[in-house]
Amino acid sequence: MKRAAPLLVTVLIALAPLGLMDPRTYLTLTVAGLAMGMLIFLVASGLTLIFGLMDVLNFAHGALFSWGAYAGWSAAVLLDRRWGWAASPSVTANLGVLVAAIATAVVATLLLGVLLERVIVRPVYGQHLFQILITLGATIVLEELIRILWGPNDQVMPVPLSIQGSWDVWDVVVLRVPVVAIVLGLVVYAGMRLVLDRTRIGLIVRAGVENGEMVQVMGHDIHRYFTGVFATGAALAGVGGLMWAIFSQSVRPAMGGEQLIFAFIVVIIGGLGSVTGSLVGALLVGLSYNYVAFLVPKAAIGVTMALMVIVLLVRPTGLFGTPR
Amino acid sequence: MTVATPSPVAQARRAERRRRLQDPTLVLRLAVLAVFALVPMTISSFQVTDLLLKVALFGTLVASYDVVIGYTGIVSFGHAMFFGFGAYAVALSLGKLGAPTYGHLLAGFAAGIMLSALVALALGAFSLRVKALFFAMISLAFAEFALILAVQLSSVTGGEDGLSPALPGVFAVGFDGGRVLGVALGGRLITYYVLLGVCVALFGLMSRFVRSPLGRTLQAIRDNELRAEALGYRTFAFQLASSSFASVVAAVVGGAYAMWVRYVNPESTLGIPIMLDVLLMVIIGGIGTLWGGLIGAAFLLAARTLLPDLRALSAALFPNVEILQRLSERWLLYFGILFILVVFFFPRGVLGTIRARLSRRVS
């Protein structure tokens, strides 16, 4: 019962606005909220995994988000300019753009993640102050590199034609991009749970979260796993960035920094180190933001803050967090 | 009859006082103060005066940040927010309550101090209770929220355009105090000296704070929180006191900054860029040195005034290579690289490294 309580509260919050608006608006907002939540989840899950396993607060996560967006953007623009894949009505070509963009974003941020872990993070394990400072320095450098390589201005993201627009389900407008985001988020969550719960690698990673020294004593090179987890977290941020770029149809150098704050709030709400916690936290933030933005537009900015404050008051370690 | 022997604490205090008077850096500090005091009299260039006072103001701000990060061991990303609170409180009080008076000025400072203290207490109560590490994330969220609020509430704060308050009495631009010792005493110069006095007073206060029993306890908590807790100190209360004190100092500096620049907008007082500047300054100057903030501020502000020349130079030399233009434009990139290098190779910063060298030579 105690474990189910946060889930119950989430469901209740998701259903509460039903009394304040007509069901169709409610459904549209819910889809948008779930999509936003899933996008934030992609970013927050990487963050929480890195923190849970390595005890590293990675402030460069936002910059990796932007890098993923820009890498995917480059691939999409290239394919669209050369062959017109994004604008063509062919579903295969559209899918090709989407897959190529995601692949490029993943590869680029994976490599960056490995590089960051090896060069920047490894020397400062166990020193929180220096971790925060050094990943912040990396953020500045990475963001400025984006401005140098791709220019400082906003760019328009080419969105494949078949995921533009909306479906009409029983008179309810369901935008397509959010649906893609929700599916992708669910796939990532399922994949993470599968790897963490059912595989040997997941077992070692979870053991590393519990007691890293012990895992090392058992003969596993924990540093290799650290690199792997860091790179995976970076790739998740990259995919999140790309999806956000498609969602908002644009890329900006500073886009990561803004999302990082959302991700931090989600991680705090969900509990540091818990993947399920960050999913629930992200959905909570996404849904409540959308409902409040519709009901009381002016209060939308405050709602995530209020959510965080309430959770911290009731449960200082977050919904699924354990005191460490 | 027993002879009243001084307690160990009193003995330590006496030794400390003796050492402080013999401290060779006392002369150095007075020399720095003399430079700040005399240069505006002799060189009547506004650029130089402006740079000097900004170094003094940011040096004080960085020192107050050092109290949090260096002496208490908490990483805060909300320090610029308190600076912004002070700046906005003074600007609003001078600009929105009719003709500016000294009373409005004082009320502005008082409001900034109160607001900062309250927010700092709330911020600390939410985050420090769990883990000092939470402070970094939650303070960042608070700062972002404050920034959004300042932009959104444009009817009060002027939104992105900001506020440009006028100053009362002797601080007004048009004030003419005649000539004193051959120096034209305008409103600007008076403001300069008053604000310099504020900086000196704040520095004295902070230096006193970190040497006080409270400050010593904070350093003990920073070095080993578990041990301090085991010794019976309520670490949470001490950390809360320190972060609130530093926030109040930051608010006063913010008010002073608003008085000098006479212009306040979200970008230049509340934003993340200011926070990054403060972080860079504290890292370069040296964490846990208090006075290093002046070095960091002087370096960064001087570099910033010189860098546009670099851009012009590269534009003149290679007018056709676009990537070079962009490379020379993005000075923040170099600060970022410098930041990482300093954290890696000189984690104590300029002043900390010098101090370590000197103490090794002495012993």
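Bear in mind the structure is a predicted one, so any value in this text is a computation, not a measurement. Chain A is the first sequence line, chain B the second, and so forth, proteins listed ahead of strands; every chain is numbered from 1.
Glu144(A) is not listed as a side-chain neighbour of Tyr334(B), based on a closest heavy-atom distance of 4.5 Å or more. Taking 4.5 Å as the limit, every side-chain heavy atom of Leu57(A) sits out of range of all side-chain heavy atoms of Val75(B). Counting heavy atoms from C-beta outward, Val141(A) and Leu333(B) have side chains that approach closer than 4.5 Å.
Within the 4.5 angstrom heavy-atom criterion, no atom of Leu280(B) approaches chain A. Heavy atoms of Leu338(B) lying under 4.5 Å from chain A are absent altogether. With a threshold of 4.5 angstrom between heavy atoms, Ile337(B) approaches chain A through its backbone and through its side chain.
When all heavy atoms are compared, the tightest approach of Ala141(B) to Met308(A) is CB-CE, 4.2 Å. Heavy-atom minimum distance, Gly137(A) versus Ile340(B): C-CD1, 3.7 Å. Phe344(B) and Val119(A) make their closest contact through CZ-O, 3.5 Å (heavy atoms, listed as atom of the first residue, atom of the second, distance).
Environment of CZ in Arg222(B): crowded, with over 12 heavy atoms of neighbouring residues, nucleotides or ligands closer than 6.0 Å. A 6.0 Å sphere centred on CZ of Arg304(B) holds more than 12 heavy atoms belonging to other residues, nucleotides or ligands.
For the options Thr304(A), Ile265(A), Ile120(A), heavy-atom pairs under 4.5 Å to chain B are most numerous at Ile120(A).
Separating the CG atom in Leu136(A) from the CG atom in Leu140(B) is a distance of 9.0 Å, to the nearest 0.5 Å. Here the straight-line distance linking atom CG of Leu147(B) with atom CD1 of Ile261(A) works out to 8.5 Å at 0.5 Å rounding. The structure places CZ of Phe135(B) at 11.5 Å from CD1 of Ile132(A), a figure rounded to the nearest 0.5 Å.
The ring of Phe77(B) has its center closer than 6.0 angstrom to the ring center of Phe59(A).
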